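Bear in mind the structure is a predicted one, so any value in this text is a computation, not a measurement.
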Amino acid sequence: KHLFWDSQPVPKPDVPIKKDGPLHQDTPFEKIPKEPVEIPEGYEWCLVDIHNDKEMTELYTLLSKNYVEDSDELFRFHYTPEFLKWGLNPPGQNSNWHIGVREKSKKRELIGFISGIEVEMRVKDIKKRMAEINFLCINKKIRKQRFAPILIKEITRRINLSGIFQAVYTAGIQIPTPFAICQYFHRPLNPKKLVDSGFSHLPPGMTMSRLINKYKIISDTSAQLPGLRPLEERDIPQVRKLINKYLNSRSKMHQVFSSDELTKHWLMPKNNVVYSYVVEDVLKLGKITDFFSFYLLPSTVLKLRNSDPSKPSPKNSKTSSSPLNYLINSAYLFYYGTNPEPAANTDLSNSEMTHKQMNEIKLKDRLLILMYNCLMMAKRENFDVLNCVNTLDNGMILDQLRFGAGDGKLHYYFYNYVANGLKPSDVGLTML
Ligand code: EN5
């Protein structure tokens, strides 16, 4: 059934592998092919230059017409050119890993793409340089021609030539073999627009005004954390420490924020791309106690159910107006961290509760406040919904903050690596 994946260094479903670690040893440089993988007649390899606006527009167009959709083909991810430039350009990235396929015709249309960036990962007790693979996309008109395996083999070859033999990637679909299967959750901020677009439904017996009330975000100063403000460059060293410490103690696989430069790239606020906030201690000015971030990833509404196509489409702030060209502005929870006050050395010997349990409760209380503030900031920036998966500590806050399960799943994979027994809450890596 999975002819390609059967030939690849990934675990076989139903064949447990006892030991964690690589599936095969590193290939010596001499044994790695120096020529590109062969490509079908009529097509050629190219690089997509992310600093060239014309080529970025081509990539943006390919993805906005052909990339990931939900299972009912109602919505499609709409990554913007600014977003793609950010996502593909972290410090130290390799331009050789932005691989395109073009038709050999006069138009030389871009019909395929795959990308990798280098990340330092920690998986349990092992630190390893890996490639993070994303944005694999083939034009719909040549699906079924088996281009994906060719793109995967070619990027693997180029990554191997750089001395890297492991990769991490995510997908909505299940292939052999995920190490974690996570669930998407959604927190409506603009419930009326979500219902109008078919993103969510008015539950039976519910009125629109009651729905709006259910998802109202109180954003007066009494609800807002004192000291909450956008992340600034001077905060980067502290935020880097905070995020590494948080991920280290709360997850078993995550990216290491190995330099200030890298941290700055991923977290400094960029309008319409990434939004980051810190909580500055009001008593010790300059000291950062918490932070959170989210990114903008709109989805195109592909079809409108239960609506008269002759009627004008819903009009909304951040959207364009033609009927089948309007967007849901989704915020995706990105990185966050908090520096919990160590629990006071209370004598718990007569209590049912352990220190560990007490610390978990304190952490949950803090995260609820922090994530409510996250919802406030996303609402203020006019987002329609805040999305996340149940990785890391997200599971602690979903119910109370009125997130609901979506119909999508996110599967996490390693290439040429095994890590047994990871639960969604052990996963600390968030991909774009
Ligand atoms: C790239 N490295 O399925 C990998 N999205 O739930 C990318 N559903 O938006 C992998 N079907 O549930 C991406 N609304 C994998 C995800 C692909 C996209 C996808 C799902 C995630 C999604 C929405 C729309 C469903 C439309 C019909 C959904 C319900 C929201 C509702 C709000 C109120 C509380 C209950 C839930």
*Worked check of side-chain contact (heavy atoms from CB on, under 4.5 Å) between Leu386 and His186*: CA-CA 6 Å; Leu386 179 70; His186 308 279; over 6 Å; no
_Check against salt bridge (Lys or Arg N to Asp or Glu O under 4.0 Å), Glu82 and Lys85_ = CA-CA 5 Å; Glu82 313 96 274; Lys85 201 167 165 181; over 6 Å; no
_Does Phe179 form a side-chain contact (heavy atoms from CB on, under 4.5 Å) with Met253? I'd like the steps, not just the answer._
CA-CA 11 Å; Phe179 65 82; Met253 68 86 61; 3.6 Å; yes
*Determine, stepwise, if the pair Glu360 / Arg250 fulfils salt bridge (Lys or Arg N to Asp or Glu O under 4.0 Å).*
CA-CA 11 Å; Glu360 291 270 321; Arg250 301 296 307 169; 3.0 Å; yes
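Ring centroid separation for the pair Tyr336 and Tyr246 comes in under the 6.0 Å cut-off. Taking the ring centroids of Phe135 and Tyr79, they lie under the 6.0 Å cut-off. Taking the centre of each ring, Phe75 and Phe199 come in below the 6.0 Å mark. For Phe383 and Tyr275, the ring centers sit closer than 6.0 Å to each other. For Tyr332 and Tyr295, the gap between ring centers is short of 6.0 Å. Taking the six-membered ring for Trp and the full ring otherwise, His78 and Tyr60 have centroids separated by under 6.0 Å.
The closest donor-acceptor contact from the side chain of Arg402 to the backbone of Tyr215 lies at 3.5 Å or more, if one exists at all. A distance-only check finds a donor-acceptor pair linking the side chain of Arg122 to the backbone of Ser251 [under 3.5 Å]. Without hydrogens or angle criteria, Asn160 side chain to Ile164 main chain gives a donor-acceptor distance under 3.5 Å. Judged by distance alone, the side chain of Asn390 and the main-chain N or O of Gln183 form a donor-acceptor pair under 3.5 Å. With hydrogens and angles ignored, the 3.5 Å screen pairs no side-chain donor or acceptor of Asn134 with any backbone N or O of Gly116. With hydrogens and angles disregarded, no donor-acceptor distance shorter than 3.5 Å links the side chain of Glu69 to the backbone of Leu74. Although no hydrogens or angles enter the test, the distance criterion places a donor-acceptor pair under 3.5 Å between the side chain of Glu154 and the main chain of Val37. Distance alone, capped at 3.5 Å, places no donor-acceptor pair between the Asn329 side chain and the Asp384 backbone. A donor-acceptor pair is defined here as one N or O able to donate and one able to accept, closer than 3.5 Å; such a pair exists between the side chain of Arg143 and the backbone of Ile138. The main-chain N or O of Ile369 is found under 3.5 Å from a side-chain atom of Asn373 such that the two form a donor-acceptor pair.
A salt bridge is absent between Glu280 and Lys287; no separation between the charged side-chain nitrogens and carboxylate oxygens falls under 4.0 Å. Ion pair Lys423/Asp426 flagged as a salt bridge, since at least one NZ, NE, NH1 or NH2 atom sits closer than 4.0 Å to an Asp/Glu carboxylate oxygen. Under 4.0 Å is where a charged nitrogen must lie from a carboxylate oxygen, and between Lys264 and Glu261 no such pair does. Salt bridge absent: Glu109 and Lys104 never bring a charged side-chain N and a carboxylate O closer than 4.0 Å. Taking the charged nitrogens against the carboxylate oxygens, Glu118 and Arg158 have no contact shorter than 4.0 Å, which rules out a salt bridge.
In Ile126, the CD1 atom is not crowded: 12 or fewer heavy atoms of neighbouring residues, nucleotides or ligands sit closer than 6.0 Å. Ile218 CD1: 12 or fewer foreign heavy atoms inside a 6.0 Å radius. Counting non-hydrogen atoms of other residues, nucleotides and ligands closer than 6.0 Å to NZ of Lys216 gives a total of 12 or fewer. For Lys31, the NZ atom sits in a loose shell: 12 or fewer heavy atoms of surrounding residues, nucleotides or ligands are nearer than 6.0 Å. By the neighbour-count criterion of 12 heavy atoms within 6.0 Å, atom CZ of Arg146 is sparsely surrounded, having that number or fewer from other residues, nucleotides or ligands. Open room surrounds CG on Asp125; 12 or fewer heavy atoms of other groups in view lie less than 6.0 Å from it.
Contact between Ile328 and Lys193 at its shortest, heavy atoms only, is CD1-CE, 4.1 Å. Asn94 and Ser162 make their closest contact through ND2-OG, 3.8 Å (heavy atoms, listed as atom of the first residue, atom of the second, distance). Between Ile236 and Asp260, the shortest heavy-atom distance links the atoms CG2-O, 3.5 Å. Counting all heavy atoms, side chain and backbone alike, Glu120 lies closest to Ser258 at OE1-CB, 3.5 Å. Across all their heavy atoms, Gln166 and Asn416 have their closest contact at NE2-O, 2.9 Å. Residues Ser197 and Tyr326 come closest through the heavy atom pair CB-OH, 3.1 Å.
Side-chain contact between Tyr412 and Thr391 is present, with at least one heavy-atom pair separated by less than 4.5 Å. Using a 4.5 Å heavy-atom threshold, the side chains of Ile159 and Arg129 count as separate. Asn420 is not listed as a side-chain neighbour of Lys19, based on a closest heavy-atom distance of 4.5 Å or more. Contact of the Leu63 side chain with the Leu84 side chain is registered, since non-hydrogen atoms from C-beta on lie closer than 4.5 Å. Residues Met377 and Phe294 are in side-chain contact: their nearest non-hydrogen atoms beyond the backbone lie under 4.5 Å apart. Side-chain contact between Ser115 and Phe113 is present, with heavy atoms from C-beta onward closer than 4.5 Å. For the pair Leu429 and Val168, the minimum side-chain heavy-atom distance is below 4.5 Å. Contact of the Leu368 side chain with the Met396 side chain is not registered, since no non-hydrogen atoms from C-beta on lie closer than 4.5 Å.
Atom CE of residue Met371 and atom SG of residue Cys388 lie 9.0 Å apart, to the nearest 0.5 angstrom. Rounding to the nearest 0.5 angstrom, the gap separating the OH atom in Tyr184 from the CG atom in Asn387 is 8.0 Å. Atom CD1 of Ile111 sits about 8.0 Å away from atom NZ of Lys141, to the nearest 0.5 Å. Separation of atoms CG (Leu297) and OG (Ser330) is listed at 6.5 Å; rounding is to 0.5 Å. To the nearest 0.5 Å, the span separating CD on Gln357 from OG1 on Thr354 amounts to 3.5 Å. The structure places CD1 of Ile155 at 4.5 Å from CD1 of Ile114, a figure rounded to the nearest 0.5 Å.
Just one residue in the list Asp281, Asp290, Asp235 forms a salt bridge (Lys or Arg N to Asp or Glu O under 4.0 Å) with Arg229, and that residue is Asp235. Residue Tyr335 forms a ring pair (Phe, Tyr, Trp, His ring centres under 6.0 Å) with just one option from Phe292, Tyr277, Phe257, and that option is Phe257.
The side-chain hydrogen bond (donor to acceptor under 3.5 Å, both in side chains) analysis of residues 34-45, with sequence neighbours excluded, yields the pairs Glu44-Arg108.
Relative orientation of the Trp5 and Tyr169 rings is parallel, given thresholds of 30° and 60° on the angle between their planes.
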Side-chain donor-acceptor distances from residues 8-16 under 3.5 Å, at least two apart:
{"unit_1": "Gln8", "atom_1": "OE1", "unit_2": "Tyr415", "atom_2": "OH", "d": "2.5"}

